[in-house]
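Here the structure is laid out as structure tokens; the discussion comes afterwards.
Numbers restart at 1 for each chain; the letters A, B, ... are given by sequence-line order, proteins then strands. Hydrogens, waters and symmetry mates are skipped; everything else that's a heavy atom, side chains included, is used. The model shown is predicted, which means the values in this text are computed figures rather than measured ones.
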Protein chains: 2
Amino acid sequence: MPPLTGRRSGQPGRVSGGARSRTAGGRPAVMADVARLAGVSAQTVSRVLNDHPYVAEETRARVVAAMLELGYRRNLTARALVTRRTDTIGVIAFDTGLYGPASTLFSLEQAARERGYHVHVATVPDLSEEGFVDAVERLRGHLVSGLVVLAPQRGAVRAMAGFPGDLPAVAVEGGAAPGLTSVVVDQVGGAVQATRHLLDLGHRRIAHVAGREDWIEADARLQGWQQAMADAGLPAGPVLPGDWSARSGHEAGLALLAAGVPVTGVFVANDHMALGLVRALAEAGVDVPGDVSVVGFDDIAEAGYLRPPLTTVRQDFAEVGRRCVDRLLHLVEGPDGSPPEDALVVPATLVVRASTASPAGEPPRP
Amino acid sequence: MPPLTGRRSGQPGRVSGGARSRTAGGRPAVMADVARLAGVSAQTVSRVLNDHPYVAEETRARVVAAMLELGYRRNLTARALVTRRTDTIGVIAFDTGLYGPASTLFSLEQAARERGYHVHVATVPDLSEEGFVDAVERLRGHLVSGLVVLAPQRGAVRAMAGFPGDLPAVAVEGGAAPGLTSVVVDQVGGAVQATRHLLDLGHRRIAHVAGREDWIEADARLQGWQQAMADAGLPAGPVLPGDWSARSGHEAGLALLAAGVPVTGVFVANDHMALGLVRALAEAGVDVPGDVSVVGFDDIAEAGYLRPPLTTVRQDFAEVGRRCVDRLLHLVEGPDGSPPEDALVVPATLVVRASTASPAGEPPRP
DNA sequence: GGCGTGTGTGTTTGCGTTCACAGTGATCTC
DNA sequence: GAGATCACTGTGAACGCAAACACACACGCC
């Protein structure tokens, strides 16, 4: 039993004398130290740590006391080596300061922690397949139990096509990637609600400002808008390009004004763009909601305090994070026969504020 | 050398025949497999992996080829066990969806990756010392090389007082915690700039809406405002409480109006509150910047598209993340005699937009 | 009284990697 | 030509932990 035989310990002499805190020599205590102090075998210490049955209460107490006295901390890398698992979830995120991914990440960590898991993060600098592969490799090296991918771009889904099948993974807004289960917010449903809200107010000519190209959410929101318009038997108005930024919303507003299209309502794919759009309209003397109604998407923290307070669609990112963990751990721990039902959908809810009203001279539909 | 002696491998027979990809039995390849295929010892494989000198070019090539053929991936937990390090940075974050911490986290990961480090995240549910200790313990268990603490509350600093001295750590906005180096944005300087900007425009009665109690940034911004007012020989106007939210800014606006204090300028501790304040003023028919000038702090993405476009102070979170990693790795890798100069300050810059103007009838100061 | 079962503990072994050390030839030095 | 140095490679022993196995003892049962 070499640990304290001196050759390696920096301090000479009186080794097994009085192990006050830590171990003589300052080396962090290991199981053998605890075992020695408690007068049991290392295996018994392990049993105490892992809550195995069949450890006498008296023994357990002695071991716990020894651990406390030595300030023992179990070495998770050693444990991982032998158990071949780290109880760690790997999160792959596209490098971004956007509100959604960040919130999801935090709630995800919280949910993971509650279930005894840790979170290891890897961001990808761009959407190349290479970047993803690299991120996956790094996380695999750490023996993560599973992966959560927070990269809601189609490019990301494409890059994930070559995903290793042996590692459980959940994608957030992952679209319909084959073999990859996903947790998504009901983007289409949210967009339908937003558009219907405008329709119900009596609007007939409704434009859409789209989100960044290649983003799955942008597609879904566009689709929801189209669907709602079609359901109402109305032609879908103009679609203006955007990139999620307030700046692009502003530009869309200017383009809308320049085109002279007689719209009375606009469904904008996110709040930041909605805000830019409202500003462009205001600059041109167009009142919101007096002349044009605007609906956003996201329900950013300040949405209620914009001018006017923004009608928008709320996404529950905290719920997304929790569900991701649920889903992933189900895959990880569950009987492997678990069916990966295609996607878990978190509902989106319309939040009506003051940026929408009935168009002039037109009463709301019953 | 047991790895392929059959007893454990699922597949019977013909083991060392043709290891096409992975190893027979599907078990991931380990060093010994690579070594066998390349006709060298495991030690040589290790040397190739770690770029040791003194490996013949021809040998290296053979090893690399074998690794490729077997799809070998080095097991970082095993490596960590023996080297006693994981090249991982632990990040402790207060559970929040706020813009600053999230941006910092992402840029931090990027900087870490560039330097060959990984990032492990632990959030704390509240500011209790217990929560911090728990987070630190979990990260230590993973043998992180160092810690970055993203918790800019005084409570956090207090909780960190009992920080283990043997683990290098860097605090973001960590105030003056003893023995803990920190990276901070020049909050005071930013606040001074913001206030001076108002003073230069000719404002004399300037109020302040404070940030959330217990936050270091809130204190610093308050202090900067006081300092600038004092330097100008003016009495500091009223201070209104806030909690960073747009809602609290709105309330502050109402309170200001109710109090009937004749201020012409307001320095608000963050943009979200500034936006709420502007809204409250607008509702009361007070024009910004016509009647009152407003300066925020943060430069959120949409600041330029608010009504009016917000004059504010920008914080470079990406830079903060990079500096954190620099600093931490200096501590981790550097000669341990490295002096921990107290705090590394990242400058803040004033961004002048349209929410500020000279007060009515008063020309700007030269 | 022998057998099974349940409870509690120790011994041995191996997880996959790196470190310390010990070689091997070859080339160089005086 | 004996030794020293260089370039390269292999051997054994850890690292700290948990699984497999073995063992010891107590109790109940027929």
Specify the residue among L76(A) and R47(B) whose closest nucleotide of DNA chain D lies further upstream toward the 5′ end.
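Counting from the 5' end, the first nearest nucleotide belongs to R47(B).
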With a 4.5 Å heavy-atom cut-off, do S182(B) and V172(B) have their side chains touching?
no
State, yes or no, whether a side-chain contact exists between I92(B) and L150(B) at a heavy-atom distance under 4.5 Å.
no
Using side-chain contact (heavy atoms from CB on, under 4.5 Å) as the criterion, point out the one residue from T59(B), V64(B), V55(B), V34(B) that pairs with V45(B).
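Among the candidates, only V34(B) passes.
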H120(B) and H120(A) aromatic ring geometry - parallel, tilted or perpendicular at 30°/60° bounds:
perpendicular
Taking the minimum atom-to-atom distance to the side chain of [X], which one of [options] wins?
X	options	result
V40(B)	dT11(C), dG10(D), dG6(C)	dG10(D)
Q43(A)	dG10(C), dC17(D), dA14(D)	dG10(C)
A56(B)	dC8(D), dT18(C), dG8(C)	dC8(D)
T59(B)	dT9(D), dG16(C), dG10(D)	dT9(D)
A78(B)	dG16(C), dC17(D), dT11(C)	dG16(C)
N75(B)	dA19(D), dT17(C), dC17(D)	dT17(C)
S46(A)	dA18(D), dT9(D), dG8(C)	dA18(D)
H52(A)	dC15(C), dC15(D), dA19(D)	dA19(D)

For dG16(C) and R84(A) - does any side-chain N or O of the residue sit under 4.0 Å from the phosphate oxygens OP1/OP2?
yes
OP1 or OP2 of dC17(D) less than 4.0 angstrom from a side-chain nitrogen or oxygen of Y72(A), does that happen here?
yes
